[in-house]
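Reviewing the structure listed below.
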Amino acid sequence: MEEQRKFPDYEAKWQKVWAEHKQAASDSTTPKSDRDFYILSMFPYPSGKLHFGHALPYTLTDSMARYLRMNGYNVLDPTGWDAFGLPAENAAIENKIHPSKFTYDNIEAMRKQKHAFGYSFDWDREVFTCRPDYYQWTQWIFLQMLEKGVAYRKKARVNWCTHCNTVLANEQVETIVKDGDEFQACFRCESRVIIKEIDAWFLRITDYADRLLAGLDKLGDKWPEKVSNQQRNWIGRSEGVNIDFTAKLSTEETLTVFTTRADTVFGVTYVALAPEHPLVEQIIAQLDEKKAKQLREFVKDTLAMSEQDRAGDAEKEGINTGFIAVNPLSGEEVPIFVANYVLMYGTGAVMAVPAHDERDHEFAGEYRLPIKQVIEPVNDDEVDVAEEAYTEHGRLIHSGAYDGLTTAEAVKKIAADLKGKGKGGPQVNYKLRDWGISRQRYWGCPIPVIHCPKCGIVPVPENELPVKLPDDVDFLPTGQSPLTLHPDFQKTRCPKCGGEDARRDMDTMDTFVDSSWYFLRYTDPHNDEKIFDRAKCAHWAPVDLYIGGREHAILHLIYARFYTKFLHDIGLIDFDEPFTRLYAHGLIQGESIKVVNEHMNRYVSAEEFAKLKKEGKATDKDITRRIEKMSKSKKNGADPTALMEQYGADATRLAILFLGPGDADSAWDPNGMKGPYGFLRRWYDTTLQCAPMVEDIGEAPAGTEYPPAAKALRAAAHSLIDKVTREFEGRYAFNTAIAQGMALLNDITSFVRANKQPDGPSRFALREAFEAMVVTLSPFVPHTAEELNQVLGHKESVFKRAWPKADPAAMQLDEVEIPVQVNGKLRGTIMLPSKATKEEMEQLAMANENVQKFVEGKKINKLIAVPGRIVNIVAK
RNA sequence: GCCGGGAUGGCGGAAUUGGCAGACGCGGUGGAUUCAAAAUCCACAGUCCUUCAGUGGGCGUGAGGGUUCAAGUCCCUCUCCCGGCACCA
């Protein structure tokens with residue numbers, strides 16, 4: 001009886017060998033050549049546990065890195081830690097551990113897990129964003145931005161997470177629906193976001209809007225369209241026209257509106273201001289007390305809502321200020337409203353055209369404002385603007401000199417005329433807003449500026465960097481920056497005037513700042529003189545292939561592009577796009593089970609459900625199964641590290657890759673380990689069993705004649721080489737490459753069973769098949785490949801071997817099976833030499849017995865023979 | 001509403017880009033082995049009809065139409081699902 005054996009038992013051994021003979025990336029200053037390849041997976045936040053969200057991209061990255069090295073590339077494949085951030089701080093508050101300890105402990109644990117998976121990262125280049133030797137340069141970049149006016153401070157209405165007690169950037173706010181209630185929430189903790197007015201630092205990413213857009217075009221199909229589109233959407237460029245109305249207050253003021261439909265300007269029946277509009281204050285000051293109070297309250301109530309909540313399904317409301325605005329083109333006088341539906345976008349003021357804008361139409365209906373049609377359809381649309389706004393393009397009417405023009409013509413002409421009159425002109429607006437980076441929390445990068453009562457804002461001199469984050473801080477979140485509570489940190493001298501009562505800025509930076517440039521630091525991670533050596537950076541960067549999740553489509557990926565452009569502008573680097581190709585991997589989801597019956601109404605794990613079933617507390621009828629994102633609350637998670645401990649790293653890597661194409665979401669099946677694990681075991685056993693037959697023979701001499709079965713085996717082996725190579729050369733659908741590997745093992749098994757005592761040529765073929773498997777599958781399952789490589793008699797590491805080339809001649813079989821159709825329906829197959837001519841194919845096809853049955857008594861209209869593919873007979 | 005992406009057996013997913021639909025794996029069924037089970041190995045397996053059987057045939061890639069000798073793949077119309085954005089003037 002065989003004892004329960006431990007399989008695999010060789011992974012730790014090979015990991016040790018690799019550690020001793022590592023293939024590190026070279027530290028070169030020569031210009032980047034096309035043999036230098038920078039592959040990068042997004043570095044993780046050190047949560048302490050490696051989950052599928054990490055295991056998939058790292059496995060993809062590692063496989064590609066190994067493939068590239070075997071193909072003679074000089075590869076950089078680093079990793080590090082996005083180590084600042086709120087989870088550490090929150091955990092610290094909960095468990096009373098210092099965020100620093102929490103973070104480093106987690107890093108230690110995750111580093112072990114990464115090693116255990118056999119990932120071949122360049123560990124020598126590991127970076128930690130929370131270490132002074134890194135954030136010194138985060139601060140340094142900030143100072144450069146300050147100098148160039150890209151970083152600036154302003155009092156602004158910002159998103160504020162009530163749970164995290166800190167500011168959030170626009171990109172970090174998401175709309176969520178909970179219990180039918182839709183609201184704006186923090187991307188991290190899903191708590192409600194409110195608007196708060198606060199002094200904060202901003203980065204002028206809006207100045208880069210056009211370049212960020214142009215860059216997307218340049219990246220083209222090297223980036224998934226999905227991601228590019230999301231970014232385009234987010235930047236939200238819109239071309240329109242600014243039109244200066246004259247507001248008749250006690251003085252005449254210019255009131256500029258932005259519109260994309262300047263052609264409807266003769267249809268304006270009122271002008272509406274956002275409650276935040278600067279003119280509103282002025283208007284309030286000029287109203288009588290009662291009216292002023294009413295308006296002031298309206299503004300206050302509206303602003304109490306977050307901008308997005310205001311945009312939700314709130315009723316349109318507004319207040320007629322009683323003041324008048326003059327239309328610069330028609331000369332018409334229209335009332336000025338302050339309205340809740342007008343956002344502080346564009347100029348924060350709109351010209352309202354109820355006849356041709358749904359929102360204005362709704363508002364006009366409520367406040368009984370006139371509706372004036374100025375566009376008529378050019379098709380046969382029915383139009384009744386009293387009923388419904390007509391928003392299509394058309395031809396102008398009731399528009400004085402512009403009558404008869406089309407929308408497009410009119411917009412152009414009106415813009416030009418306005419410009420000529422000095423009353424406005426073409427204008428481009430963006431939805432993108434500047435990036436607010438001040439965070440009122442502790443565990444982040446300190447902002448290197450000093451507030452001096454005399455000199456104002458003074459940058460910390462570069463030679464005093466880093467501004468170190470103090471350890472001894474009471475970091476309970478109060479809504480105030482924890483650093484405020486640290487007396488020594490905040491007290492400092494003004495570097496400019498030497499004044500003693502200067503204070504440091506006590507906020508820290510958004511953690512997305514830390515990760516906006518880390519990929520450049522990897523190229524020269526230990527430089528303590530400079531952010532990085534220019535030549536060293538140029539040797540590797542930009543990143544050739546960046547692998548990460550789609551959840552960063554807007555956040556990290558837009559910030560990193562912005563930073564790269566800035567660093568390019570200050571002359572530090574020659575490129576202005578950081579990631580030449582982006583691979584957005586999918587999400588591994590899990591099946592959740594929700595039980596609803598008289599006992600319970602909640603999610604249960606698969607094991608729990610099995611137990612409940614046994615106890616009779618739940619049946620298949622009581623449950624809803626859904627494939628969704630793994631989460632604790634849904635109890636549908638699976639832990640790759642646990643799988644690795646049970647089945648080994650290779651089986652886990654294989655299972656992850658085999659699940660489906662890496663860029664698609666796929667569902668984790670708890671049985672998903674069985675196939676890959678069984679495959680590795682059979683492969684191992686079969687190789688060991690056959691080794692005596694093949695280990696001592698060398699290469700087959702040229703001109704070797706193979707028996708048909710051996711020939712078929714060779715064809716299969718070379719097809720595997722061809723298939724795997726093709727997948728690595730761009731498609732990356734490794735599930736199909738692995739499937740082909742499994743198929744070859746099946747072929748080997750049948751071959752061995754049918755050839756108990758193989759002759760010489762058969763043994764060559766068999767060896768070739770084993771070799772093909774070992775080498776081509778080594779990027780996916782490095783330990784097993786390394787082990788079997790040794791079993792086959794190789795002394796050197798499989799990763800030192802050259803990647804094989806498929807031999808087209810070997811892939812070609814002597815005879816092929818060709819399907820024969822009659823009128824497009826399969827009626828038989830014929831065997832014939834692969835080099836057969838069309839005529840031979842046709843002849844043999846017609847001779848087929850079953851085919852005969854279907855063409856009998858019919859006239860052959862056409863005969864189509866595609867060599868090597870198919871024969872189709874058209875008969876009537 | 002707008003922008004993307006999807007829909008193929010019981011399940012995950014294949015299909016060299018127009019050429020035998022369902023590779024490979026899971027689950028399932030039958031068999032071998034076993035006192036029995038697990039594990040392992042072998043075989044079968046889209047679906048419906050037909051034949052005692054070997055067999056033979058119809059139908060099949062979300063729905064409907066079209067192009068073609070030939071359509072999962074190309075074109076038109078529609079439905080549903082997923083992701084993102086959304087009072088952005």
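Just so you know, these numbers use all the heavy atoms, side chains as well, and skip hydrogens, waters and symmetry mates.
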Would you indicate what [X] reaches in the nucleic acid, counting non-hydrogen atoms under 4.0 angstrom: base, sugar-phosphate, or nothing?
{"X": "A/K226", "value": "base"}
{"X": "A/V350", "value": "base"}
{"X": "A/F363", "value": "nothing"}
{"X": "A/N746", "value": "sugar-phosphate"}

Does [X] make a side-chain N or O approach to OP1 or OP2 of [N] shorter than 4.0 Å?
{"X": "A/S238", "N": "B/A89", "answer": "yes"}
{"X": "A/N823", "N": "B/A70", "answer": "no"}
{"X": "A/Y345", "N": "B/A89", "answer": "yes"}
{"X": "A/K825", "N": "B/C59", "answer": "yes"}
{"X": "A/R753", "N": "B/C42", "answer": "yes"}
{"X": "A/R682", "N": "B/C42", "answer": "no"}

Using a distance-only criterion (donor-acceptor N/O pair, under 3.5 Å, no hydrogens), is the base of [N] paired with the side chain of [X]?
{"X": "A/N872", "N": "B/C69", "result": "yes"}
{"X": "A/R869", "N": "B/U16", "result": "yes"}
{"X": "A/E358", "N": "B/C87", "result": "no"}
{"X": "A/K431", "N": "B/C85", "result": "no"}

Item to complete: Represent RNA chain B in dot-bracket notation, 5' to 3'. Only Watson-Crick or G-U wobble pairs with both distances under 3.5 Å count; pseudoknot-style crossings use [ ] and interstrand partners use |.
Response: (((((((..(((......[....))).(((((.......))))).((((......))))..(((((..]....))))))))))))....

Discussion item. In this structure, how many angstroms lie between the C1' atom of B/G12 and the CD atom of A/E591, rounded?
Written reply: 12 Å

Worksheet entry | Syn or anti for B/G9 (syn when the glycosidic angle lies within 90° of 0) | syn

Discussion item. Please classify the glycosidic conformation of B/U47 as syn (within 90° of 0) or anti (everything else).
Written reply: anti

Worksheet item: Does NZ or CZ of A/K316 fall inside the cone over A/F363's six-membered ring, less than 6.0 Å from its centre and within 45° of the axis?
Response: no

Worksheet item: Between A/D663 and A/R550, does a salt bridge (charged side-chain N to carboxylate O under 4.0 Å, His left out) hold up when you go through it step by step?
Response: CA-CA 9 Å; A/D663 55 0; A/R550 273 180 312 231; over 6 Å; no

Worksheet item: Which word best sums up how the rings of A/Y732 and A/F734 line up, parallel for under 30°, tilted for 30 to 60°, or perpendicular for over 60°?
Response: tilted

Can you give each donor-acceptor pair under 3.5 Å made by side-chain atoms of residues 738-751 of chain A, sequence neighbours left out, with the distance rounded to 0.1 Å?
{"unit_1": "A/T749", "atom_1": "OG1", "unit_2": "A/L745", "atom_2": "O", "d": "2.7"}
{"unit_1": "A/S750", "atom_1": "OG", "unit_2": "A/N746", "atom_2": "O", "d": "2.9"}

Worksheet item: Counting heavy atoms not belonging to A/K222, are there more than 12 under 6.0 Å from its NZ?
Response: no

Residues 237-245 of chain A, side-chain donor-acceptor partners within the protein, below 3.5 Å, at least two apart:
{"unit_1": "A/R237", "atom_1": "NH1", "unit_2": "A/D210", "atom_2": "OD1", "d": "2.6"}
{"unit_1": "A/R237", "atom_1": "NH1", "unit_2": "A/D210", "atom_2": "OD2", "d": "3.3"}
{"unit_1": "A/R237", "atom_1": "NH1", "unit_2": "A/Y430", "atom_2": "OH", "d": "3.3"}
{"unit_1": "A/R237", "atom_1": "NH2", "unit_2": "A/E239", "atom_2": "OE2", "d": "3.0"}
{"unit_1": "A/S238", "atom_1": "OG", "unit_2": "A/Y345", "atom_2": "OH", "d": "3.3"}
{"unit_1": "A/N242", "atom_1": "ND2", "unit_2": "A/Q427", "atom_2": "OE1", "d": "3.3"}
{"unit_1": "A/D244", "atom_1": "OD1", "unit_2": "A/T256", "atom_2": "OG1", "d": "2.8"}

